[in-house]
2 protein chains.
Amino acid sequence: MVNHNKDHLDGIFHALADSTRRELVDMMAEKERTVSELAEPFDMSLAAISKHIKVLERANLVDRSVKGRIHTCRLNTDSLFKATEWLRLYEKYWNKRFDRLENELLNAKKKEH
Amino acid sequence: MVNHNKDHLDGIFHALADSTRRELVDMMAEKERTVSELAEPFDMSLAAISKHIKVLERANLVDRSVKGRIHTCRLNTDSLFKATEWLRLYEKYWNKRFDRLENELLNAKKKEH
DNA sequence: ATTATGATTAACCATGTAGTTAACTATAAA
DNA sequence: TTTATAGTTAACTACATGGTTAATCATAAT
């Protein structure tokens, strides 16, 4: 049996492991965008951006609606949420670190007096 | 000028885009582990795991200390924290979704009466 | 001194990635 | 009807990835 959640996270993290794609996500987070709008700021062919968008789509990070020749892309936060959920498992570890740092600071201050 | 933060996130997300590596992270989160301990549960050569660990290390997700022939690996949460920080930018979007869902539910209940 | 163990490294293979250009599809405008 | 626009797809290149086995290195045990 295959773990689909596993595959899903693979795809999500892989999609996010590219700064161009993260910038595309940024743009779509602000508001929905057409493919050409998304491509405009990049020094890269439309074909390349088209592929990047498809990677985001496969990872379920982006939904697309087609009207005539215009493809409109919008962020689908479900996958971002899943990625965050995985990372959240480890939140307590860096909280621990912060607590430790805080304590050290506190002790340092006490010594000053 | 190169954006180092960008490169860093590339490496972090790429490191996390593999279920074997995520499982290694899980194991190290529980407690620090030697390389062989980390390799043990996997149906894969030690060499392969050694490489996976190096990917995690390059992404700053793992620190290693060597004592004799034993390499001990522990989680470094700094990078996990960075990844979470990036994702947290979008948190408001799924909160919006949840709010909308909540409202819909509320309205549905009102109609019942 | 020899052998066994923990781990890395090198050489290799198959597959995947990120980009290119060129060809194509579909729709809108002249 | 022709042409321009929005976008995808195909074929290609160069390089990275994830795995293998075999060789190597360093340390510990006999």
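Nothing here was measured: the structure is a model prediction, and the numbers come from that model. Labels below follow one simple rule: chain letters A, B, ... track the order of the sequence lines, proteins then strands, and each chain is numbered from 1.
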- C:dT5 C1' sits how many Å from B:E40 CD, rounded? 16 Å

- Query: What are the two closest heavy atoms between A:R22 and A:L16, and how far apart are they?
  - Reply: NH1-O, 2.8 Å

- B:S50 (side chain) donor-acceptor with B:L46 (main chain) under 3.5 angstrom: no

- Ignoring hydrogens and geometry, is there a side-chain-to-backbone donor-acceptor pair from B:S79 to B:N60 under 3.5 Å? yes

- Residues in salt bridge (Lys or Arg N to Asp or Glu O under 4.0 Å) contact with A:R33, at least two apart in sequence or another chain: A:E30

- Task: State which residues pass salt bridge (Lys or Arg N to Asp or Glu O under 4.0 Å) with A:E91; sequence neighbours excluded, sorted by chain then number.
- Result: A:R88, B:R88

- Query: A:H71 NE2 to C:dA26 P: how many Å, rounded?
  - Reply: 11 Å

- In whole angstrom, what separates B:K54's NZ from C:dG6's P? 19 Å

- Query: For the residue pair B:Y93 and A:A29, what are the closest heavy atoms and their distance?
  - Reply: OH-O, 3.0 Å

- Item | Distance, rounded to the nearest Å, where B:E37 contributes CD and C:dG6 contributes C1' | 12 Å

- In whole angstrom, give the distance that lies between atom CG of B:D10 and atom C1' of C:dA18. 12 Å

- Task: Starting from P on D:dA6, measure out to CZ on A:R33 and report it in whole angstrom.
- Result: 16 Å

- Using a 4.0 Å heavy-atom cut-off, write out nucleotides 17-30 of chain D from 5' to 3' as B (base contacted by protein), S (sugar-phosphate only) or - (no contact). SSBBB----BBS--

